[in-house]
Amino acid sequence: MNAAPRAPLWPGIVAAALVTAFAVAFMWAENEWEVVGVLAAALVAVLVARRTGWLAPAARAFEMREPAMNCVTIAALLVFVAFFHDDHFPLLMVGTVLVYFTVCLGLTIQFGYAGVLNFAAAAFLGTGCYTAAVLSAHTSLPHLLVLAAGGAVAALVGSILILPVLRTRGHYAAVVTIAFGLLFRTFLEVNDTLGGPQGLKLPSMNLLGMTFNDNFIVAGIEFSFYMHYVLAALALAVLAFAVTRRLERSWIGVSLDAIRLDETAAACFGIHLARWKIVAFTLGNFMAGAARALYALMLGFIAPTNFTFGDSLVMVSIILLGGIGNPWGAALAAALVVVLPEKLQLIQEYRFLLYAAMVILVLLYRPEGLLPRPLRNYLPGWRPR
Amino acid sequence: MSAPVLALSGLTRHFGGLVALDALDMRVERGQIVGLIGPNGSGKTTSFNVLTGIYAASAGRAEFLGRDITNLRAQAVYEAGIARTFQRSRLCLPLSIFDNIMVGNHKRLARGLWFNLFRRAALRAQIEGAFEEARELVRVFDAPLADRMFDAVGALPMIDRRRIEICRALISRPQLLLLDEPSAGMTEEETRELMDDILEIRGRIEGLSIVIIEHEMGVIERITERCVVLNFGRKIAEGTYRQVAAERQVQEAYLGVE
């Protein structure tokens with residue numbers, strides 16, 4: 001293989017700018033027809049770009065100039081939130097998408113890499129949230145540690161499931177996790193110390209002396225209090241993304257894939273199945289629990305109805321929709337699944353119908369998801385001589 | 001003389017009432033290529049599976065370089081220095097050639113979570129080193145294939161998959177290679193090519209011993225120094241190919257008896 005000339009960065013920047021502009025227009029659109037119009041325009045633009053080959057240079061920039069493009073993506077997101085700096089609703093949406101994205105990165109490690117099905121995501125999300133609620137209400141633990149504790153307890157509760165998950169495969173593992181998810185919700189509903197069906201309230205998040213629930217003013221510009229949470233969620237998402245990426249691009253990523261694809265062959269080459277499944281399951285639950293704990297602090301309220309089987313299913317459908325094992329796919333699908341129903345109030349009532357239809361359509365016409373997972377790119381930009 | 005690479009004594013495996021492998025005795029000396037032949041269902045693959053820890057032995061003993069490896073876990077057998085291929089190719093089809101070979105390289109790669117996540121510079125050096133080594137190995141089998149290390153295995157024809165499977169088994173430098181019917185699903189021409197490759201690789205790796213399960217008698221005659229014939233799980237003959245082929249019991253096992 002010859003050393004390819006360095007791929008230019010600008011197509012990636014142009015693509016990011018266009019997507020940002022689209023996102024702003026989409027957020028601005030007030031009535032349903034405008035929303036549908038913007039969506040249709042975006043769809044047409046993507047199809048045309050694909051047909052004319054304009055998409056390829058942008059995709060190449062993302063692939064070959066990854067560190068730079070990651071920064072461009074973060075910058076694009078910051079531009080977007082700066083646009084809506086004093087507007088609660090768009091910021092709430094961005095925060096929600098970032099949290100869902102982080103949760104789905106956890107599921108990607110579990111299901112996308114190690115092949116451990118987890119239909120009890122809501123139970124681990126709930127564990128993270130209730131831990132955060134109790135700790136923030138009854139202790140003076142710094143809130144950063146509260147988030148970490150949420151993740152840690154979620155991972156710990158996950159260890160209850162490890163034995164059954166290790167001993168079952170495929171459908172059986174799915175059934176075990178479904179049962180656990182249902183059990184967890186019932187446990188919340190009958191448990192009066194945790195608020196029972198009424199749930200619990202959470203105080204404002206505090207970090208480094210900042211109270212997150214107050215609007216703030218910088219250089220004479222007023223910012224919505226949600227900005228705090230958006231930035232915190234962004235930090236969390238970036239961290240989770242880095243961990244997921246590094247995991248995939250290491251020997252551990254190879255081992256996890258081998259376990260998912262053929263356990264017998266993996267064992268015959270020295271890969272300890274149980275060890276890596278436990279690592280993946282625990283790490284995934286930690287990320288999910290911590291991220292959802294932040295979301296609980298942002299909303300200020302949690303109840304058992306937030307952690308139903310349907311909520312677990314939404315997370316799994318995001319992964320299927322985006323492309324199993326591709327973090328960017330999870331980001332795109334999380335944005336679609338969270339924002340679309342909010343903007344199209346018409347759909348809101350039929351939300352689960354829409355998810356189901358989307359998943360079925362994707363499985364039929366794009367079985368590998370919107371953004372299929374590419375081959376492992378060990379060292380971005382590296383092409384051996 | 002030093003301990004044989006492999007010494008099986010009375011190795012047995014039952015499945016319920018069925019005796020799939022019945023008290024197999026067998027020795028493989030260092031550097032030897034031994035053929036394991038017999039009709040379908042005669043226990044050839046079962047012996048590999050018992051040996052590599054996929055099935056537990058019901059009775060008997062297996063020694064590898066003088067060390068007892070009976071009923072070790074599959075992982076431990078690999079660590080000890082035995083690598084295998086499978087009858088039905090068991091590569092990870094969505095993964096690249098390089099990924100697949102690295103699965104086989106597991107014992108020589110860093111496994112720590114900390115190292116893999118946070119020591120990126122050291123990991124990078126390891127990736128580059130392992131890549132060079134894997135590419136060299138693939139080049140022995142097929143030079144054009146070595147330029148496609150980042151192609152998905154699922155897109156390759158059968159013969160290339162077999163090559164990759166053998167590379168996956170060899171990259172960890174095992175002392176003993178178990179080949180389970182490498183010619184399955186290939187044309188005569190392809191089989192001959194693959195056997196050339198196997199002989200070449202044996203010449204390059206000092207002291208590598210091979211046990212090969214085959215149905216193609218031409219292959220057995222050409223590359224093995226000794227063979228063991230199984231029928232209904234039991235050893236019915238042993239010797240050079242010419243010796244065993246001349247035995248009446250062997251002919252009956254293959255051709256049936258009036």
Requested in this report: Any chance you could lay out the salt bridge (Lys or Arg N to Asp or Glu O under 4.0 Å) test for B/Arg61 and B/Glu63, step after step, and finish with the verdict?
Outcome: CA-CA 7 Å; B/Arg61 187 179 161 88; B/Glu63 271 181 26; 2.9 Å; yes
Requested in this report: Please say whether more than 12 non-hydrogen atoms of neighbouring residues, nucleotides or ligands are located less than 6.0 Å from CZ in B/Arg119.
Outcome: no
Query raised in the report: When only heavy atoms count and the cut-off is under 4.5 Å, which of residues 158-182 of chain B reach chain A?
Result: B/Arg168, B/Ala169
Query raised in the report: Does CZ belonging to B/Phe15 count more than 12 external heavy atoms closer than 6.0 Å?
Result: yes
**Report entry** Options A/Gly253, A/Ala242, A/Ala265, ranked by heavy-atom pairs under 4.5 Å with chain B, top entry
**Finding:** A/Ala265
Report summary line: Nearest heavy-atom contact between A/Phe269 and B/Ala83 is CE2-CB, 4.4 Å
Report summary line: Of the listed A/Val279, A/Asp262, A/Asp257, A/Val254, the one with the largest count of heavy-atom pairs under 4.5 Å with chain B is A/Asp262
Report summary line: Whatever's closer than 4.5 Å to a heavy atom in chain B on A/Arg275 counts as side chain
Report task. Answer yes or no: is there a side-chain heavy-atom contact under 4.5 Å between A/Lys277 and A/Ile259? Result -> yes
**Report entry** Region of A/Leu375 that comes under 4.5 Å of a non-hydrogen atom in chain B
**Finding:** side chain
Query raised in the report: In this structure, are over 12 heavy atoms from other groups packed under 6.0 Å from B/Arg139 atom CZ?
Result: yes
Query raised in the report: With a 6.0 Å cut-off on ring centres, are B/Phe131 and B/Phe150 close enough?
Result: yes
Query raised in the report: Does the B/Arg13 side chain pair with the main chain of B/Ala56, one donor and one acceptor, at a distance under 3.5 Å?
Result: yes
Query raised in the report: So does B/Arg135 pair up with B/Glu132, basic N to acidic O under 4.0 Å?
Result: yes
Query raised in the report: Considering only heavy atoms, which portion of B/Leu117 lies under 4.5 Å from any heavy atom of chain A: side chain, backbone, both, or neither?
Result: both
Requested in this report: Kindly say whether B/Ser183 contributes a backbone atom to a donor-acceptor pair with the side chain of B/Glu214 at under 3.5 angstrom?
Outcome: yes
Report summary line: Contact list (residues 87-115 of chain B to chain A, heavy-atom gap under 4.5 Å, by number) returns B/Arg90, B/Cys92, B/Pro94, B/Leu95, B/Ser96, B/Phe98, B/Asp99, B/Met102, B/Val103, B/Gly104, B/His106, B/Leu109, B/Ala110, B/Arg111, B/Gly112, B/Leu113
Query raised in the report: When you look at CD of B/Glu136, are more than 12 heavy atoms from neighbouring residues, nucleotides or ligands closer to it than 6.0 Å?
Result: yes
**Report entry** Within 6.0 angstrom of B/Glu79 CD, more than 12 heavy atoms from elsewhere
**Finding:** yes
Can you list, pair by pair, the side-chain donor-acceptor contacts under 3.5 Å of residues 103-112 of chain A, counting residues two or more places apart and other chains?
| residue | atom | partner | partner atom | Å |
| --- | --- | --- | --- | --- |
| A/Thr108 | OG1 | A/Cys104 | O | 2.7 |
| A/Gln110 | OE1 | A/Asn118 | ND2 | 2.9 |
| A/Gln110 | NE2 | A/Phe281 | O | 2.9 |
| A/Gln110 | NE2 | A/Asn285 | OD1 | 2.8 |

Query raised in the report: Which of residues 67-78 of chain B get closer than 4.5 angstrom to chain A, counting heavy atoms alone?
Result: B/Arg73, B/Ala74, B/Gln75, B/Tyr78
Query raised in the report: Within the distance-only criterion (no hydrogens, no angle test), does the side chain of A/Thr127 pair as donor or acceptor with the backbone N or O of A/Val153 below 3.5 angstrom?
Result: no
Query - A/Arg366 side-chain N/O to A/Leu370 backbone N/O, donor-acceptor pair under 3.5 Å - result: yes
